[in-house]
Asks: 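Dropping a structure here in structure tokens format, bear with me for questions.
Chain naming here is simple, since letters A, B, ... match the order of the sequence lines and numbering starts at 1 in each.
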Protein chains: 2
Amino acid sequence: MEEIDRRIVTLLAQDGRMSFTDLARETGLSVSAVHQRVRRLEKRGVVRGYAAIIDHDAVGLPLTAFVSIKPIDPAAPDDAPDRLSHLRAIEACHSVAGDESYILKVRVASPVALEDLLQQIRASANVSTRTTVVLSTPYEHRVPHLAGEPDPAPDITQD
Amino acid sequence: MEEIDRRIVTLLAQDGRMSFTDLARETGLSVSAVHQRVRRLEKRGVVRGYAAIIDHDAVGLPLTAFVSIKPIDPAAPDDAPDRLSHLRAIEACHSVAGDESYILKVRVASPVALEDLLQQIRASANVSTRTTVVLSTPYEHRVPHLAGEPDPAPDITQD
DNA sequence: TATGAAAGCGTTATTCA
DNA sequence: TGAATAACGCTTTCATA
């Protein structure tokens, strides 16, 4: 992936509704060229989709927590993500290195809802849980800097 | 906030580029009514923005980690989020309850880049760090169910 | 890959209910 | 608040290079 594609990805990560016209202006390409590149980025899965960023407080889910889970029976097959995917309060599930096997990010309406969710998690996946409650979120959803050389383009110039 | 707004928010959270025409069809409102509601949701901050969802592997940032930080000097004023905000590899910063004070979510290109970032975090905010490396991410960015009663409509049925 | 042109469709402001 | 209209701008496709 090269410079212009990185630029497009960064712009769309910052404003997912930016128009092709604006993207064209920002990148110096024609509208149809950007259009083509965006569709290619989508098809290749570089851009996986678009989402509105929601204020969870405003929407009745003011309590965020990280729940680390560990299997009760370490010999059992580990299909925790599948067993938990029906719990819609779970926003994300990451497999992690370390003492515990997964970190879940959850959003709920209240402490009681969290208590209930934890019971469902333990029952659904046969795991123990360790929960870290989020008090506030200074920032989230920041867009990283997509630097110059991820894949150092082996220079096979031979002329 | 009521039913139709929740519907709109959910639809936009799932597809941030959905057109007003489609939103109108899905909600049974006219285009101009949805338009008005979306603008109001944006102005009120319920919808805080729009973002493309990026495949970080494809973009040269395949390593994700959670970094928990704790101040070296607990008496010093806690302005870690401000001191760290220049580090663009930090995608999110959550203040948390528990032994540590913040959890950072970071995205980097390689283990060496992570090592470097951790040193910058420690130096910038005068903290110790504990890092949990993400091995894989079964799912992320799921849209929660915005249930009927954020404000549980006190059931005063008495008959 | 990039461009420009043309058709169709979506967005937005305005007006009225 | 919601609907209808109309002007305008954006998206998408196509032919071309």
Asks: Among residues at least two apart in sequence or on other chains, which ones pass ring-ring contact (aromatic ring centres under 6.0 Å, His included) with A:Y50?
Replies: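 Residues passing ring-ring contact (aromatic ring centres under 6.0 Å, His included) with A:Y50: none at all.
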
Asks: Tell me whether the side-chain N/O atoms of A:R39 come closer than 4.0 Å to OP1 or OP2 in D:dT11.
Replies: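 Looking at the OP1 and OP2 atoms of D:dT11, neither is under 4.0 Å from any side-chain N or O of A:R39.
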
Asks: Whole angstrom is fine here: how far is it from CD in B:Q36 over to C1' in C:dT15?
Replies: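 Spelled out: CD on B:Q36 to C1' on C:dT15 is 13 Å.
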
Asks: Hey, which of these two, A:L29 or B:V31, hits DNA chain C nearer its 5' end, going by closest nucleotide?
Replies: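 In this pair, the answer is A:L29.
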
Asks: Distance-only, no hydrogens or angles: does the A:R142 side chain make a donor-acceptor pair with backbone N or O of B:C93 under 3.5 Å?
Replies: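 Absent.
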
Asks: May I ask you to check if B:R17 and A:F20 form a cation-pi contact, with NZ or CZ under 6.0 angstrom from the six-membered ring centre and within 45° of the axis?
Replies: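 Yes, B:R17 sits over the ring of A:F20.
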
Asks: Of the candidate nucleotides C:dA13, D:dT1, C:dT3, which contains the atom at the shortest distance from the side chain of B:H35?
Replies: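 So the side chain of B:H35 is nearest to C:dA13.
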
Asks: Counting only side-chain heavy atoms from C-beta out, which of D:dG2, C:dG4, D:dT12 sits nearest to A:S32?
Replies: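 Shortest atom-to-atom distance from the side chain points to C:dG4.
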
Asks: Could you check A:I90, A:L104, A:I103 and say which one makes a side-chain contact (heavy atoms from CB on, under 4.5 Å) with A:V67?
Replies: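 Of A:I90, A:L104, A:I103, side-chain contact (heavy atoms from CB on, under 4.5 Å) with A:V67 is met by A:L104 alone.
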
Asks: Out of D:dT1, C:dT12, C:dT1, which nucleotide sits closest to the side chain of A:R40?
Replies: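 Between D:dT1, C:dT12, C:dT1, the one nearest the side chain of A:R40 would be C:dT1.
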
Asks: Is any NZ, NE, NH1 or NH2 atom of the basic residue among A:R44 and B:D55 found under 4.0 Å from an Asp or Glu carboxylate oxygen of the other?
Replies: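 Answer for the salt bridge query: no.
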
Asks: List in numerical order all residues of residues 13-28 of chain A for which some heavy atom is under 4.0 Å away from an atom belonging to DNA chain D.
Replies: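 Result for residues 13-28 of chain A: A:S19, A:F20, A:T21, sorted by number.
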
Asks: Are any of the side-chain heavy atoms of B:H94 and A:T132 separated by less than 4.5 Å?
Replies: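 They are not in side-chain contact.
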
Asks: Quickly work out the B:R37 CZ to C:dT12 C1' distance and round it to whole Å.
Replies: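 After rounding, the reported distance stands at 18 Å.
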
